[in-house]
Each structure stands twice: as structure tokens, then as C-alpha cells.
> 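Dropping the structure in here first, questions after.
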Amino acid sequence: MPLQIYNSLTRQKEEFVPLTDGLVRMYVCGPTVYDYPHIGHAKSYISFDIVVRYLRYLGYRVKYVQNITDVGHLLDDGEDRILKGAQREKRDPMELVEIYTRAFFDAMDALNVQRPTISPRATGHIPEQIEMVQTLIDKGHAYVVNGSVYFDISTWPGYGVLSGRRVEDQRAGERVEASDEKRHPADFALWKKAGPEHIMQWNSPWGRGYPGWHIECSAMSMKYLGETLDIHGGGMENQFPHHECEIAQSEAVTGKPFVRYWMHHNMVMVEGVKMSKSLGNFTSVQRALERYSGAQIRFFILQSHYRSPVDFSREAIDASAQGLERLQATRDQLLHFLASDEGDVSAQVEQVCAEYKALFEKEMNDDFNTPAAIGHLFSFAREINSRLSSSLSSASVKLLHDTFIRLADDVLGILPESRTALAADPFIDLLVTVRREIRAQKNWALSDHLRDKLEELGVAIQDGKEKSSWTYKKNMPAL
RNA sequence: GGCGGCGUAGCCAAGUGGCUAAGGCGGAGGUCUGCAAAACCUCUAUUCAUCGGUUCGACUCCGAUCGCCGCCUCCA
């Protein structure tokens, strides 16, 4: 079965067929860079990283654009996040933005998230946004009031198709003061007039101001990907109003469908409740990385489906980390036996590899079902472990290794490069070799003592018939 | 008030109108081992929140009830 993607727009799984053969145009809403990234960002960008990696695995060229929102947008209290952050840290807005943009990329690198093809910044695309707003005014979809510009939703009957909402049903003004500048409470800002206290402001045909939140995504995605995108991704919380507004303004400008497949991932919970800035219960990626490796966090997130919420609880991550260790152990064993690719691949090994590859692809083709795909990976690992205990040709080992790594690491990214060599390695090798001699002399007391001491130092020894191997214990904070 | 999601073993988590309800963690037993560890093998949900309905047959479809969560405001 070919790749099926759940399309939020139609609320069903659909076969994925890109607009242009072999090329995928993909856009994902990026972060607002005014603070450290949190584990919600981790789920979001890991989820879409999987989409990109799998599409590339299938042979597509993927042009992946993810914006950096570095323009402040208005909060309830009339301030914007970036201005607020700048005041908090006594920095220039652009200095603040630079710091957290780097922090964001650092965090994503640690989580083994591949970088987007293009990471456009909102502040670098003000002219494009102004141009788009002007076109909307010219076409009668927007109006100017007192230096601000609003989109007139009465000119766009399709408003609400994505979120299944009807404007009349919403309680406009119940939670937020409706602006009296707007003709209709649901009209949204394309451009806002800036007061003197607003540091980030630009010239426009309507006076000094700054762009509305939604317009940057439309302007930048269309600039780099064209008028119709294959995939637009983001969090469910942005389905309304953000994505709804993007559709309205984009299609009002081009008259063409804006997005073919809308993908929305679910939220991260902490102890059963939503994590949010306003609740103050968010965990930064940086803090999570103090306790878990990037691979462990990534693996944990991929063990639930991207459209399901995930509860970031310590017990659950600890449990999943144990599971990841089994996969890592299999990879380590494969590396251990990997010599050259001499000899012939056994027909059985060839069949096993083909079988698990097919099972894996079947699950991934079903709307990127990573938990089910990982399930097959565990079975594959068991199969590999069993076969490694009997003698295999080098070519067979290599095929098992290549297949396992291709699925687990190229596509899922959960087995990044094994640790780099440490200065202690040759000394540990020596100790283990010497201990082998001691064991040959059946001096169990001394050999067990050595094993215990090495264990305390974070080195685990596995005694085999022919030789003993060792690994650094996982979860060693220093490693 | 409107829109949407969820409730599967001790925990995490896939899944299907009908063969044995994936997988992981944890637990129990076993093989291997000088003893361990790792690995491997076996076992660990007569049952899928509750109650009705449709059906030859539902955990899966429909309805109701209970519980939890999200969105309608900036948020990944």
C-alpha cells in the first residue's frame, strides 16, 4: 500500500501524491524565538523530521521550509513576547532572537532533527508580507483602519473549513476584548500600527507598524515553495485560528488551493495536563537533556503516534529508555561482528531483511505509524540477536547491519553514531584482556573483583566463550 | 455554549467488523554461564470505561452514560 497521510482538512487518510512528480514542497510552522525550546517543540519537530526522513527514504526530493518567528506579536496585555523577553533580559530584541534561535537549533541537533532546507526569518521578509497585504486590500479582502489592516472574513465564505468552526458559534470577545477597529470580531490583523514603545517596527503604505502573526507563514511559504504546498504541518493548537487564517489570506491572494495535505500533531502533556507557557509547567529541552540523551527523548516521543498526545512522565521515559537500550545493544553487536562483506549472503538472512523492511514500510505508510514500526524493529532485533549467536558469513552480517541501521537510524534517527572513542578505551581493553588470563587460571575471586570495580566505574563486561566484550553502561551522565 | 480527541494488561502503547488483541517496560520461570551480565525461550488482557442498539458476529459501527484532555486568546 502506498503512503497514506491523515489530512486534517478532509479528516481522513488519503494517498499521498505530490503536485510535482518526485518533489515534495513542505512547510512547518517554526518557533517564536523568545525563550528556550521546550519538549513540546521536541515532539513537533521530531514528528515532522520523521515525515521528511521517510519521504526522502521513499525517494522524494523534499524541500522543507520552517520559519523562525522573530517578530513580536501582541499578547493579551498589549505587550509582545519578544519585547517582553528583551526587557526581561535587558537585551536588544534582535540580540534576544539570535540567542534563542541558536538555542533552538542546538536543541534540535541534540535530538537528531535534520535541519530544514530553508529557515526563513519573519523579519527578513517584511517587504513580501507588505506586498501580500497590499494585494489583499486591492482585491477587496482587507481594509485599513487607523494605520492597521484587517482581513475581512465576510469576503471569504470558506473561513472555518479546516477547523470545522462556524464564526457565529464562537464567543467572540468573551475571552479577549474585541477590537472596535474591526468590522467583525473574527476579522484578523494583517498589519498592526505600532506605537512608539514598539521597538520592532517598519515603514509601510499604512504608516509605521509590524506584520500580523499569520501573514508571515503565507508570505514565506509561497516565496520558497510556490502558491500550492504539498504538506503544511503544525500543532493542533494552531489549527484555529492560525492555519485557518493562512488559508483564507493565501487563497484570497492566489485563487489557488494553498495546501494539499494539512498535518497536525498532538500536544505534550506534563503529569496529565497540557504544558503551556501560561501554566508555567514547561520543561525545556535543555533541562530534559540533563537527564536523558537526545536519542532517549526522541525514541520516547516516537513510541506514541504523532496525532496522539504524549505524557512526559519520568516513569514512562525511563521504561522506554530501557527498550531503546535493547536496540542499541543489537546495533553494537552487529558492529562487533561486522568485518568485511566477504562470503555470500544466506538466503534466509536475505528473506528476513526483506520481510522486516516490508513490515516497517507498511506501518510507516499508514500515516507514519512509528510505534508500530518500532514494534517490528524489536522483533527484527530479536531475530538478529538469535542469528548472531550462530555463525554467519560477513556478507550476511553486513546486510543485517545495513538493513537495521537504514530503518532504525536513517528513517527514525534513534540510533545516532555510537559514542566516540574515549582516552580510557585502550586501558579498559588491557584490563579486560588481563582479566581474561585471570579467568583462564580460574581465579574467580580476582576476576569478579575486577568486574565489580569496572562496573562501579561505568563499564559493563560481558563474558563470552571465546572472548569478553565490554561497553560503557548507558545512562552514564558523563558519557 | 460551539468544535475536536481520548478511555486497550501493574505501567507505556499499536491495532482490527470474524484466524491466537502488536511491541516495549516491569514481573515469574527456564536455557546459557564457574557465578553473573547480556542474549535467547516460555508465561504474564476469555478481554478492550459502563450500559444499550445494529449485525450471523463488535473491542472495532451507532446511541446514551461516566471519566479525562484539548481548541474557541499567544502557544509546538
Side-chain angles (χ1 to χ4, degrees), chain A residues 8 11 28-32 34 37-48 69 72-77 79-81 160 163-177 186 213 233-242 244 264-269 272-279 282 299-300 303-305 307-311 313 315-327 329-330 332-333 359 363 366 369-379 381-382 384-386 388-389 439 442 444 447-448 451-452 455 460-465 468-469 471:
Chain A
S8 309
R11 275 157 247 243
V28 169
C29 288
T32 303
Y34 67 102
H38 51 70
I39 50 176
H41 292 106
K43 178 169 167 77
S44 178
Y45 302 116
I46 287 170
S47 298
F48 292 115
T69 298
H73 295 294
L74 227 51
L75 294 174
D76 296 352
D77 52 16
E79 287 184 280
D80 80 50
R81 302 165 169 297
S163 53
R165 291 162 204 272
R166 290 181 310 162
V167 172
E168 315 84 77
D169 292 339
Q170 306 304 309
R171 295 182 166 187
E174 178 171 291
R175 300 177 69 182
V176 173
E177 197 81 5
W213 173 39
M236 276 180 180
E237 85 287 359
N238 277 335
Q239 200 165 349
F240 187 92
H242 184 52
E244 202 70 73
H264 291 96
H265 66 80
N266 217 313
M267 303 286 99
V268 170
M269 325 276 279
V273 293
K274 184 204 176 190
M275 181 177 68
S276 78
K277 293 293 163 66
S278 45
L279 291 174
F282 78 95
F299 182 69
F300 173 67
Q303 273 206 296
S304 62
H305 190 79
R307 282 190 290 113
S308 302
V310 62
D311 197 347
S313 78
E315 308 78 68
I317 305 174
D318 285 343
S320 95
Q322 284 303 117
L324 177 60
E325 254 191 64
R326 296 197 48 213
L327 299 179
T330 296
D332 290 347
Q333 282 299 101
L359 286 169
E363 302 298 352
D366 183 14
N369 191 340
T370 54
I374 287 170
H376 292 306
L377 237 36
F378 276 107
S379 306
R382 175 164 298 160
I384 292 170
N385 289 336
S386 295
L388 283 178
S389 62
R439 293 185 71 235
K442 298 196 192 302
W444 307 126
S447 74
D448 288 355
R451 184 172 66 197
D452 292 347
E455 172 95 19
I461 291 185
Q462 294 90 37
D463 289 328
K465 272 208 166 66
S468 299
S469 57
T471 53

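Every value quoted in this text rests on a predicted model; they were computed, and no experiment measured them. Chain A is the first sequence line, chain B the second, and so forth, proteins listed ahead of strands; every chain is numbered from 1.
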> To check you understand the geometry: which heavy-atom pair defines the closest contact between A:Ser447 and A:Arg439, and what is its length?
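Closest heavy-atom pair between A:Ser447 and A:Arg439: CB-CG, 3.6 Å.
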
> Kindly compute the distance separating CE (A:Met269) from CD1 (A:Ile39), expressed to the nearest 0.5 Å.
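Here the rounded value is 11.5 Å.
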
> Which heavy atom in A:Ala381 sits nearest to a heavy atom in A:Thr330, and how many Å separate them?
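Here A:Ala381 and A:Thr330 meet closest at CB-OG1, 3.5 Å.
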
> Using the side chain to side chain contact (heavy atoms under 4.5 Å, CB included) criterion, which residues pair with A:Ser469? Sequence neighbours excluded.
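So A:Ser469 forms a side chain to side chain contact (heavy atoms under 4.5 Å, CB included) with A:His336, A:Gln462.
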
> Heavy-atom nearest nucleotide on RNA chain B for A:Pro241 versus A:Asp366: which residue maps closer to 5'?
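The residue whose closest nucleotide sits nearer the 5' end is A:Asp366.
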
> Taking all atoms of both residues into account, what is the closest heavy-atom pair of A:Gly40 and A:Val268, and its distance?
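What the structure gives for the nearest pair is CA-CG2, 3.8 Å.
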
> Taking 4.0 Å as the cut-off, does a side-chain nitrogen or oxygen of A:Asn385 come that near to OP1 or OP2 on B:C40?
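So the side chain of A:Asn385 is within the cut-off, an N or O lying under 4.0 Å from OP1 or OP2 of B:C40.
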
> How is A:Asp311 classified with respect to the nucleic acid when contacts are heavy atoms under 4.0 Å: base, sugar-phosphate, or nothing?
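Contact class for A:Asp311: none.
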
> When you check every protein heavy atom under 4.0 Å of nucleotides 23-32 of chain B, what one-letter string (B, S, -) results, 5' to 3'?
SSSS------

> On RNA chain B, compare the nucleotides closest to A:Glu237 and A:Arg451; which residue's is nearer the 5' end?
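Result of the comparison: A:Arg451.
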
> Side chain of A:Ser447: nearest nucleotide among B:G34, B:G4, B:A76?
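Side chain of A:Ser447 sits closest to B:G34.
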
> Taking any heavy-atom pair under 4.0 Å as a contact, classify A:Ile39: base, sugar-phosphate, or nothing.
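Answer is nothing: A:Ile39 stays at 4.0 Å or more from every strand.
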
> Check the distance between B:A38's C1' and A:Leu327's CG and give it to me in whole angstrom.
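Whole-Å distance recorded here is 15 Å.
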
> Is the base of B:C6 touched by the side chain of A:Arg307 through a donor-acceptor pair closer than 3.5 angstrom?
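Answer is no: no donor-acceptor pair is held.
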
> Choosing from B:A76, B:C72, B:A38, which nucleotide comes nearest the side chain of A:Gln462?
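For A:Gln462, the side-chain atoms sit closest to B:A38.
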
> Work out how far the C1' atom of B:C61 is from that of B:G1, and round it to whole angstrom.
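It works out to 29 Å between them.
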
> Return the set of residues passing side chain to side chain contact (heavy atoms under 4.5 Å, CB included) with A:Thr69 (not counting sequence neighbours), or none when no residue passes.
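Expected list: A:Thr32, A:Asn67, A:His73, A:Glu216.
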
> Only counting residues at least two apart or in another chain, list the ones meeting side-chain hydrogen bond (donor to acceptor under 3.5 Å, both in side chains) with A:His376.
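With sequence neighbours excluded, A:His376 shows a side-chain hydrogen bond (donor to acceptor under 3.5 Å, both in side chains) to A:Glu363, given in chain and number order.
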
> Would you classify A:Val28 as touching base, sugar-phosphate or nothing, given that sugar-phosphate means primed atoms plus P, OP1 and OP2, and contacts are heavy atoms under 4.0 Å?
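No contact.
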
> Provide, to the nearest angstrom, the distance between the NZ atom belonging to A:Lys442 and the C1' atom belonging to B:U33.
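Result: 12 Å.
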
> Between B:A22 and B:G5, how far is it from one C1' atom to the other, in whole Å?
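So the two C1' atoms sit 23 Å from each other.
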
> So, for A:Gly234 and A:Phe48, which heavy atoms are closest and what is the spacing to 0.1 Å?
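For A:Gly234 versus A:Phe48, the nearest heavy atoms are N-CZ, 3.3 Å.
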
> What is the ring orientation for A:His41 with A:His38, classed by angle as parallel under 30°, tilted 30 to 60°, or perpendicular over 60°?
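Tilted.
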
> side-chain contact (heavy atoms from CB on, under 4.5 Å) for A:Met267 and A:Lys43? Distances and angles first, verdict last.
CA-CA 8 Å; A:Met267 303 286 99; A:Lys43 178 169 167 77; over 6 Å; no

> Would A:Phe240 and A:His242 count as a side-chain contact (heavy atoms from CB on, under 4.5 Å) if you check the C-alpha gap in whole Å, the side-chain angles of each, and the deciding distance to 0.1 Å?
CA-CA 5 Å; A:Phe240 187 92; A:His242 184 52; over 6 Å; no

> Using atom CG of A:Leu359 as one end and atom C1' of B:G15 as the other, report the distance to the nearest whole Å.
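Value for this atom pair: 14 Å.
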
> Taking atom P in both B:G2 and B:U65, what distance in whole Å separates the two?
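Roughly 13 Å separates the two P atoms.
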
> Between the base of B:G15 and the side chain of A:Asn369, is there a donor-acceptor distance below 3.5 Å?
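Looking at the base of B:G15, it does not pair with any donor or acceptor on the side chain of A:Asn369 (distance under 3.5 Å).
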
> Enumerate all atom pairs, one protein N or O and one N or O from nucleotides 60-63 of chain B, separated by less than 3.5 Å.
none

> Could you state the interatomic distance from OG (A:Ser163) to CE (A:Met236), rounded to the nearest 0.5 Å?
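Going from the OG atom of A:Ser163 to the CE atom of A:Met236 covers 13.0 Å.
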
> Within this structure, what is the NE2-to-P distance between A:His305 and B:U8, rounded to whole angstrom?
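Rounded to the whole Å, the gap is 18 Å.
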
> Say you pick atom C1' in B:U8 and the same atom in B:U60; how far apart are they, in whole Å?
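The same atom, C1', in both gives a distance of 11 Å.
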
> Tell me what A:His265 touches on the nucleic acid: a base, only sugar-phosphate, or nothing, going by heavy atoms under 4.0 Å.
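If one applies the 4.0 Å heavy-atom cut-off, A:His265 turns out to touch a base.
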
> Check whether any side-chain N or O of A:Ser308 sits under 4.0 Å from OP1 or OP2 of B:A14, and answer yes or no.
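Answer is yes, contact under 4.0 Å.
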
> Could you check whether A:Ser469 gets within reach of a base, just the sugar-phosphate, or nothing at all, counting any heavy atom under 4.0 Å?
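It contacts nothing in the nucleic acid.
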
> Mind pulling the stems RNA chain B is in, i.e. runs of at least three Watson-Crick or G-U pairs, everything under 3.5 Å?
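If one scans RNA chain B for consecutive Watson-Crick or G-U pairs, the stems found are B:1-7 with B:66-72, B:10-12 with B:23-25, B:26-31 with B:39-44, B:49-53 with B:61-65.
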
> Using atom C1' of each nucleotide, how far apart are B:A38 and B:A21 to the nearest Å?
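Each nucleotide's C1' atom is 31 Å from the other's.
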
> Looking at every non-hydrogen atom in both residues, tell me the closest pair between A:Asp311 and A:Phe300 and how far apart they are.
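Scanning both residues, the minimum pair turns out to be O-CZ, 3.4 Å.
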
> May I ask you to say what A:Met236 touches in the nucleic acid, namely base, sugar-phosphate or nothing, with a heavy-atom cut-off under 4.0 Å?
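Nothing, no nucleic acid heavy atom in range.
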
> Could you measure between the two C1' atoms, the one in B:A36 and the one in B:U44, and give it in whole Å?
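Rounded to whole Å, the distance is 25 Å.
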
> What interatomic distance, in whole Å, is found between C1' of B:A14 and the corresponding atom of B:G53?
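To the nearest whole Å, 28 Å.
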
> So what does A:Ser304 touch, heavy atoms closer than 4.0 Å: a base, only the sugar-phosphate, or nothing?
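Sugar-phosphate, no base atom in range.
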
> Please report the distance separating the C1' of B:C56 from the corresponding atom of B:A45, rounded so that it comes out in whole Å.
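Looking at atom C1' only, B:C56 and B:A45 are 26 Å apart.
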
> If I take atom CE in residue A:Met267 and atom C1' in nucleotide B:G4, what distance separates them, rounded to the nearest angstrom?
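So the CE-C1' distance, A:Met267 to B:G4, works out to 13 Å.
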
> Can you measure A:Ile461 atom CD1 to B:A39 atom C1' for me and round it to whole angstrom units?
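In whole Å, B:A39 C1' lies 17 Å from A:Ile461 CD1.
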
> Without decimals, in angstroms, what is the distance between A:Ile317 CD1 and B:C11 P?
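Rounded to the whole Å, the gap is 18 Å.
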
> A:Asp463 and A:Ser468: side-chain donor and acceptor closer than 3.5 Å?
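Yes.
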
> To the nearest Å, give me how far apart CG (A:Asn266) and C1' (B:G5) are.
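Checked: the CG to C1' distance equals 7 Å.
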
